[in-house]
2 protein chains.
Amino acid sequence: MANIKDVARYANVSVTTVSRVLNGHPYVTNEKREAVEEAMEALHYRQNMNAIHLSKGKTRLLGVVIPFVDHPYFSLLLNGMSKEALHQEHTLVLIQTNYDAMKEVEALEMLKYKQIDGLVIASRSNTWDVVEEYTAFGPIVVCEDRSSEVVSSVSIRHYDAFYEGMKHLIKKGHQKIGFCIGRKTGTNSNLRYQAYRDALHTIQATYKEDWIFTNCLSIEDGERVVEEYQSLVEKPTALLVTSDQVAAGIRMECQKRNIDVPEELAILGFDNHPLARALDLSTIELPLHEVGRKLVISALNDNETIHTQYGFSLIERGSV
Amino acid sequence: MANIKDVARYANVSVTTVSRVLNGHPYVTNEKREAVEEAMEALHYRQNMNAIHLSKGKTRLLGVVIPFVDHPYFSLLLNGMSKEALHQEHTLVLIQTNYDAMKEVEALEMLKYKQIDGLVIASRSNTWDVVEEYTAFGPIVVCEDRSSEVVSSVSIRHYDAFYEGMKHLIKKGHQKIGFCIGRKTGTNSNLRYQAYRDALHTIQATYKEDWIFTNCLSIEDGERVVEEYQSLVEKPTALLVTSDQVAAGIRMECQKRNIDVPEELAILGFDNHPLARALDLSTIELPLHEVGRKLVISALNDNETIHTQYGFSLIERGSV
DNA sequence: ATATGGTATGAAATGCGTTTCAGAGCAAGA
DNA sequence: TCTTGCTCTGAAACGCATTTCATACCATAT
């Protein structure tokens, strides 16, 4: 494979000049520039990325702190990150934490010792000041709504999204509304719970504690929800489900038990997972793929702190 | 970040000795080995991958020739490849060919000019001798059943898988069986067609031309199939569908049109895509994810030619 | 006693770009 | 005429680990 030296020799210039052409620096006469370009063409020259990054002091590694990867929310996020990482010729270093704060610190230490170029924290476990301490060592991005001077962020308006979902169900005539959620606590869960109560408040409706189904992560959980639903004396007429995977389980189980969707039970999912399309589930699309990509873009940007917020969009299908 | 020089200085040895310890070479006394290990610990030393690969002359890039990525077969394959590439700290260079032979040659030329470390051809367009010419320049792996001396291969027993599917339908009492397939021609399609006829032959059954649905790639295609199916005078009682995505479309459309599955029409899919699990579709699982990983592993192995064949497994659910 | 060969070690070359520094040429301003 | 300040160019240093080569020591084998 031809290298920069070969090109320089062929074009009768120094390697510095070739490097200048390669990097679009000024201070190269057209004459030499053209000679270099010709030489590159003739020799089938391609830059050696390893040499570039070695020279520039980059590791080409990007740390990703993530609690687990087998949940649709995180797997969609990870998909987006992978895609962008591939695009930017970076390798993701997955640090699965299971919400263990010490594991997260290990990842931060990797940044300190320059073992990674940047760090994405998909779900934070440590307190804010611990994280901020490490920003001196490289770019850090969190996936939550936080306007820090030193840490970039990419977030989704979870409150608004949930509120919008509630409004949609209410508009369709529902008053007895329940919801399914993953963790009971956590920033996002709290926001959603708040949105739930606020929305019900606008129509003076109340809710029962057992209309709130927690620990809903998988298709199986959705099936379980239907089972519990059937044993209720007073049943909700609609469910807001924070994961399409769970919504899919619910819809399938309803079919088995001859519960009419949406007449008897309306279902509104989240994420717009391919499953939702297949099962004709109405859903609120969260641009998780986009968020993932933006996380990587932000983490690879060493110059500025970026704050991005993403919206959502309601996709009406046949389950509401 | 500490480098090999720092470690050498700290341990009072030469960089060569540190490199020997790092790479497990013999000819290092225990005394020095321990000193080096201590130094690495003390200095938080991590090897710089860019320097290693630059030194070893690797690009850390792996070419992937693929006709398109939006088809479930290829996207599952690609998923597996991505995962393994990530694992092995390599970046995939996607060369989407749309079955254009010239594009494929471009990819082979990249190998020639050492722009990539190896090449995976997920679906070949050029003749065999064209491909073999390039093996001198680096490892090439194809995804088809071919026992070459110089090109590695990873394949699935498509004939057997299809035949097994037919046998299953026959065992369930079906005689009038149709099938859905992507391309009408191609190595795999031919194998499947052969298996179809061979299986029908064992029960002296015949088939109608219009029980064979071609161009079946997406959910929409599945919906189209049902439409065509309903207009048939003599209808098959079972369909073997070479993609779960299509099978999902069929099942959903059947539901809309009140065609009972499996009583009126049995459906047996392929791939064991998550969709199949969600829609309770019987399917023949092809280990595409594993195949993808093995493709990458084989392509990154420069020393030997590897031939791997994968089987399949029938997953019985409620659609047959 | 001498040749032979394995063990152990380090200096230096190598892979390939980027970046710093020094200097030459030239035009505008003092 | 003499600065001052671009514009343009290339030599050399640098980033980090691997690998080749040279050398020295020690133990067998002859």
Side-chain angles (χ1 to χ4, degrees), chain A residues 1-40 43-61 89-91 110 113-117 138 302-303, chain B residues 1-40 43-61 89 91 110 113-117 138 302:
Chain A
M1 181 173 46
N3 61 28
I4 199 173
K5 226 168 171 173
D6 300 325
V7 174
R9 199 176 309 130
Y10 190 103
N12 249 308
V13 298
S14 70
V15 290
T16 314
T17 299
V18 178
S19 179
R20 287 206 181 89
V21 173
L22 244 19
N23 294 287
H25 283 305
Y27 298 168
V28 180
T29 52
N30 272 335
E31 196 188 355
K32 302 223 168 191
R33 170 170 283 109
E34 277 159 25
V36 168
E37 275 159 1
E38 249 172 62
M40 295 198 295
L43 301 172
H44 293 275
Y45 174 73
R46 279 302 126 95
Q47 289 179 81
N48 182 318
M49 283 306 176
N50 286 315
I52 292 175
H53 292 294
L54 170 61
S55 178
K56 293 205 167 155
K58 303 256 170 183
T59 63
R60 275 208 275 180
L61 299 178
E89 305 211 33
H90 276 252
T91 298
M110 286 181 74
Y113 290 114
K114 303 232 178 296
Q115 286 160 19
I116 49 181
D117 289 345
D302 209 347
N303 308 314
Chain B
M1 180 175 45
N3 62 26
I4 199 171
K5 228 169 170 172
D6 300 326
V7 173
R9 200 176 308 131
Y10 190 101
N12 247 308
V13 297
S14 70
V15 291
T16 316
T17 299
V18 178
S19 179
R20 286 205 184 90
V21 172
L22 244 20
N23 294 287
H25 284 304
Y27 298 169
V28 181
T29 54
N30 273 333
E31 196 190 355
K32 301 222 169 190
R33 170 169 283 111
E34 277 159 25
V36 168
E37 275 160 1
E38 246 172 65
M40 295 196 297
L43 300 173
H44 292 274
Y45 174 73
R46 280 301 127 96
Q47 289 179 80
N48 181 319
M49 283 305 178
N50 286 315
I52 292 175
H53 292 293
L54 170 60
S55 179
K56 292 207 166 148
K58 302 256 170 183
T59 62
R60 275 207 276 179
L61 299 178
E89 306 211 32
T91 298
M110 286 181 75
Y113 290 113
K114 304 233 177 295
Q115 286 159 18
I116 50 182
D117 289 344
D302 209 346

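Below, chain A is the first sequence line, B the second, and so on; all start at residue 1. Everything numeric here is computed off the predicted structure, so don't read it as measured data.
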Exercise. Can you check the B/Lys58 NZ to D/dT18 P distance for me, whole Å?
Worked result: 13 Å

For this session: Evaluate the side-chain proximity of A/Val21 to A/Lys32: yes if any heavy-atom separation is below 4.5 Å, no if none is.
Result: no

For this session: Check every atom of C/dC16, C/dT18, C/dT9 against the side chain of B/Arg20 and return the nucleotide holding the closest atom.
Result: C/dT9

Problem set entry | Gap between atoms CG and P, on B/Leu61 and C/dC16 respectively (whole Å) | 15 Å

For this session: Report yes or no: is there a donor-acceptor pair, N or O only, under 3.5 Å between the side chain of A/Thr16 and the base of D/dA11?
Result: yes

Problem set entry | Any A/Thr17 side-chain N or O less than 4.0 Å from OP1/OP2 of D/dG10 | yes

For this session: Using whole Å, report how far CD of B/Gln47 lies from C1' of D/dT18.
Result: 11 Å

For this session: Tell me what B/Arg46 touches on the nucleic acid: a base, only sugar-phosphate, or nothing, going by heavy atoms under 4.0 Å.
Result: sugar-phosphate

Exercise. Is the shortest side-chain N/O distance from A/Asn3 to OP1 or OP2 of C/dG17 below 4.0 Å?
Worked result: no

Problem set entry | A/Ser19 side chain to A/Thr16 side chain, donor-acceptor N/O pair below 3.5 angstrom | no

Exercise. Tell me: CZ of A/Arg60 to P of D/dG15, nearest whole Å?
Worked result: 19 Å

Exercise. So do B/Val28 and B/Val36 actually touch side chain to side chain, heavy atoms under 4.5 Å?
Worked result: no

Exercise. Using a cut-off of less than 4.0 Å, is there contact between a side-chain N or O of B/Ser55 and OP1 or OP2 of C/dT14?
Worked result: no

Exercise. Base, sugar-phosphate, or nothing for B/Val18, non-hydrogen atoms under 4.0 angstrom?
Worked result: nothing

Exercise. C/dT7 C1' sits how many Å from B/Glu31 CD, rounded?
Worked result: 15 Å

For this session: Return the value, rounded to whole Å, for the distance between atom CD1 of A/Ile4 and atom P of D/dA12.
Result: 17 Å

Exercise. Nearest nucleotide by nearest heavy atom, which residue falls closer to the 5' end of DNA chain C, B/Val28 or B/Ala51?
Worked result: B/Val28

Exercise. What's the CE-C1' distance between B/Met49 and C/dG15, to the nearest Å?
Worked result: 17 Å

For this session: Tell me what B/Ser19 touches on the nucleic acid: a base, only sugar-phosphate, or nothing, going by heavy atoms under 4.0 Å.
Result: base

For this session: Assign the ring pair A/His53 / A/His90 to parallel, tilted or perpendicular, where the plane angle (0 to 90°) is split at 30° and 60°.
Result: perpendicular

Exercise. Taking OP1 and OP2 of C/dC16, is either one under 4.0 Å from a side-chain nitrogen or oxygen of A/Asn48?
Worked result: no

Exercise. Is the phosphate of D/dG10, meaning OP1 or OP2, less than 4.0 Å from a side-chain N or O of A/Ser14?
Worked result: yes

Problem set entry | Whole angstrom value for the distance that separates C1' of D/dG10 from NE2 of A/His25 | 15 Å

Exercise. Under 4.0 angstrom, heavy atoms only, what part of the nucleic acid is A/Leu54 near: base, sugar-phosphate, or nothing?
Worked result: base

Exercise. Should B/Tyr27 be listed as having a side-chain N or O under 4.0 Å from OP1 or OP2 of C/dA8?
Worked result: no

Exercise. Below 4.5 Å, heavy atoms only, C-beta onward: do A/Leu54 and B/Asn48 meet side chain to side chain?
Worked result: yes

Problem set entry | 5' priority, DNA chain C, between B/Asn50 and B/Lys32 [closest heavy atom] | B/Lys32

Seminar exercise, completed: For B/Lys5 and B/Val15, the nearest pair of non-hydrogen atoms, with its separation, is CA-CG1, 3.8 Å

